[in-house]
Amino acid sequence: MLPKKYRLTKENDFKIIVKQGKSFFIKELGIKYFKNNLDYSRFGFIVSTKIDKRATVRNKIKRRLREIVYQNLSKIKPGFDILILTKPEIKNLDFLQLKEKLEKIFKKIGFL
RNA sequence: UAGGUAGAUCAGAUGGUCGCUCCGAAAUUUAAUCGGAGAGGAAAGUCCGAACACCCACCAACCUAAAAGGUUGGUUAAAAAGGUAACGGCUAACAGCCGUCGUCCGCAAGGAUAGGGGUGCGAACAGAGACGGGUUUGUUCGUAAGAACAGACCUACCCUUUCAAAAGGGUAAGCUUGGCAGUAAUGCCAAGGUGAAACGGCUAAAUCCCUACCGGGUGAAAGGGAGAAAAUCCCGUUCGAGUUCGAGAGUAAUCUCGAACCUAGAUUAAUGACCAUCAACUGGCAUUUUCUAAUGCCAGUACAGAAUUCGGCUUAUGAUCUACCUAGCUU
RNA sequence: GGGCGAGUGGCGGAACGGUAGACGCACUAGCUUCAGGAGCUAGGGGGAGAAAUCCCGUAGAGGUUCAAAUCCUCUCUCGCCCA
């Protein structure tokens, strides 16, 4: 699980990333990132009701994503606010598949 | 054995690796360390009801020379507006719950039901409701009498009689009065002699009204504080109509008394991620077997996530247990 | 977290509780034209049937009613508002 220090909390932070960040997408999920002025990176996760109406399902996806980020935290390049976005197809992935896909994205944009 | 009815309970367990939030300790700039706690029966839908806060209305007392205004307390009374409704009870309150009555459904166990009066409706059902009779309007035909067609209105409890649905007589339900049972709704019984289109049918889901009862509205984004202000933070916000156990009252809902306990407080939103073993159930395959079934292997594990807090209702949903009813078979 | 509204032919959208689909766009057929467009005329929810006609149809499921797109309850989907 991810300590609070590494999470994005403010409405404003989200708005800046959405507006000004760079992005990269694959079929099941995507990423947006923007430079911050800290010596560590922070992460936010968006799983909307369009992906699933049930809160339990959405929470589980978020928890899994956070776990994957936590496991890779020491390796990920510091100094960025990173937003992870999701699409409905993400429901069909199990933990290992999800991990593989997310790590692939991080490698693609050179953060890992 | 099959089918059904009602109710109750649980919401997999143990271990391993790595974590999150809050509280406490020491420490105090953080970080790190140790200890403790950490989702539901529906947390859901937001369909009702309350607590709580503010606003409105009204009442009382006080301040004020008076008015205006203000302060405090309250919702007893009145008004407005809105609502509630078989009867009796429970509750903080409710459209909830318990018990009872009526009506309807079911062979039964049982289930359903917001159940006062009028207006309005009948194109459906019931009714012999057709045909006929009477009155009347229009059109056509006809010299006229009248006929045909179409429409409107009136006309049916039973018996006697009659052309008649004219007259006479009688009666079910209802109505009035009385008795018994019941707190009551209501039920049973008796008497009276009013009673003809006395039919159908309706309510949360057309509309109006009587009577009785209830002050109304807005929702925690209420509302209050820190801050010059904004940003932001804090309070509200986690001890409560609280939980467990025992005793008593009551048919029950529920209430009273006693003891013990503290039991989530997040805010891009914690309460987890992954793995192993075992248990239960379901499905598939294989083997044995007349079948039931047994064994092995593989796969799967219901609905679903607190957000100010409670009480209900509704909807979603896996499994187990208990009691009862109906039918069949055996003894 | 709280509140409000909508769902009807292919599309947009009407319809006091009383014959469902007015009206517009698009579509099909015919007329017109050398041809196309425009214009004019006609047509159409689905199923059964030779036809007359019957049955099913207003997001879905129940209910009230003699009768429901309309009224009530639940569910689903979509949209909007409060910051």
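Proteins come first, then strands; the chains are lettered A, B, ... in the order of their sequence lines, and each starts at number 1. Note that the structure is predicted; figures quoted are calculated from it, not measured.
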Separation of atom OH in A:Y70 from atom P in B:A270, rounded to whole Å: 17 Å

Apply side chain to side chain donor-acceptor pair (under 3.5 Å) to A:K27 and list each qualifying residue two or more places apart in sequence or on a separate chain. none

I need the CD1-C1' distance between A:I61 and B:G272, as an integer number of Å. 15 Å

Partner of B:U211 by Watson-Crick or G-U wobble geometry, both contacts under 3.5 Å, or none? B:A85

Round to the nearest Å and state the distance from A:K60 atom NZ to B:A39 atom P. 17 Å

Nearest-nucleotide check on RNA chain B, A:F14 vs A:L96; residue mapping nearer the 5' end is A:F14

For residues 95-112 of chain A, run the donor-acceptor check on the side chains, cut-off 3.5 Å, and write out each pair with its distance to 0.1 Å, sequence neighbours left out.
residue, atom, partner, partner atom, Å
A:Q97, OE1, A:D94, N, 3.0
A:K99, NZ, A:Q71, OE1, 2.9
A:E103, OE2, A:N72, ND2, 3.2

Counting only Watson-Crick or G-U wobble pairs whose two distances fall under 3.5 Å, which nucleotide matches B:U301? B:A280

Would you indicate, yes or no, if B:C274 has its OP1 or OP2 atom less than 4.0 angstrom from a side-chain nitrogen or oxygen of A:R64? yes

Ring-base stacking, A:F95 with B:C274 (5.5 Å, 30° cut-offs): no

Tell me: CG of A:D39 to P of B:A31, nearest whole Å? 14 Å

Give me the distance, rounded to whole Å, that separates B:C213 from B:C94 when you measure between the C1' atoms they each carry. 15 Å

Using Watson-Crick or G-U wobble geometry with both distances below 3.5 Å, tell me the partner of B:G106, or none. none

B:A316 and B:G219: how far apart are their P atoms, nearest whole angstrom? 30 Å

Kindly indicate whether the side chain of A:I61, heavy atoms from C-beta on, has any atom under 4.5 Å from the side chain of A:F45. no

C:G1 to C:G47 separation - C1' atoms, rounded to the nearest Å: 49 Å

When every non-hydrogen atom of A:P78 is compared with those of A:D39, the smallest separation belongs to CB-O, 3.5 Å

Could you tell me the separation between the CZ atom of A:R7 and the C1' atom of B:A270, rounded to a whole number of Å? 7 Å

Check: A:I26 and A:K87 side chains under 4.5 Å, non-hydrogen atoms: no

Can you tell me the base-pairing partner of B:U136? Count Watson-Crick or G-U wobble geometry only, both distances below 3.5 Å, and say none if there is no partner. B:G151

A:Y40: ring pair (Phe, Tyr, Trp, His ring centres under 6.0 Å) partners, not counting sequence neighbours: A:Y6

Given atom CD of A:E67 and atom P of B:A270, what is their separation to the nearest angstrom? 14 Å

A:L102 CG - B:A273 P separation (whole Å): 17 Å

Restricting both atoms to N or O, compile the protein contacts to nucleotides 302-308 of chain B shorter than 3.5 Å, with distance only.
residue, atom, partner, partner atom, Å
B:A304, OP2, A:R54, NH1, 3.2
B:G305, OP2, A:A55, N, 2.9
B:G305, OP2, A:T56, N, 3.3
B:G305, OP2, A:T56, OG1, 3.4

Any stems for RNA chain C, made of 3 or more Watson-Crick or G-U pairs in a row, each with both distances under 3.5 Å? C:1-7 with C:76-82, C:10-12 with C:23-25, C:27-31 with C:39-43, C:45-48 with C:53-56, C:59-63 with C:71-75

Output all residues satisfying salt bridge (Lys or Arg N to Asp or Glu O under 4.0 Å) with A:R42, sequence neighbours left out; order by chain, then residue number. A:D13, A:D81

Side chain proximity check, A:T86 to A:L65, heavy atoms < 4.5 angstrom: yes

Between B:U218 and B:A51, how far apart are the two C1' atoms, rounded to whole Å? 16 Å

Taking a pair to mean Watson-Crick or G-U wobble geometry with both distances below 3.5 Å, B:U256 pairs with B:A247

Watson-Crick or G-U wobble partner for B:G200, using a 3.5 Å limit on both distances? B:C121

Need the pair for B:A44. Rule: Watson-Crick or G-U wobble, both distances under 3.5 Å, any strand; none if unpaired. B:U314

Using the C1' atoms only, state how far B:A50 lies from B:C214, rounded to an integer number of Å. 15 Å

Closest non-hydrogen atom pair between A:Y33 and A:I82, with its separation: CB-CG1, 4.0 Å

What I'd like to find out is whether the side chain of A:V47 reaches to under 4.5 Å of the side chain of A:I90, using heavy atoms alone. no

Quick one: CG on A:N36 to CZ on A:F80, what's the gap to the nearest 0.5 Å? 8.0 Å

Does any N or O in the side chain of A:S41 come within less than 3.5 Å of the main-chain N or O of A:G79, such that one atom is a donor and the other an acceptor? yes

Pick one for B:G41: is it syn, with its angle within 90° of 0, or anti? syn

Judged by whether its glycosidic angle lies within 90° of 0, B:U244 is anti

P atom, B:U309 versus B:A279: distance in rounded Å? 42 Å

Rounded to whole angstroms, how far apart are CD on A:Q71 and P on B:C20? 13 Å

Would B:A39 be called syn or anti, given that syn covers angles within 90° of 0? syn

B:U271 versus B:A276 - spacing of their P atoms, nearest Å: 22 Å

For B:C58, what is the paired nucleotide under Watson-Crick or G-U wobble rules, both distances under 3.5 Å? B:G74

Roughly how many Å apart are B:C313 and B:C245, using the C1' atom of each and rounding to a whole number? 31 Å

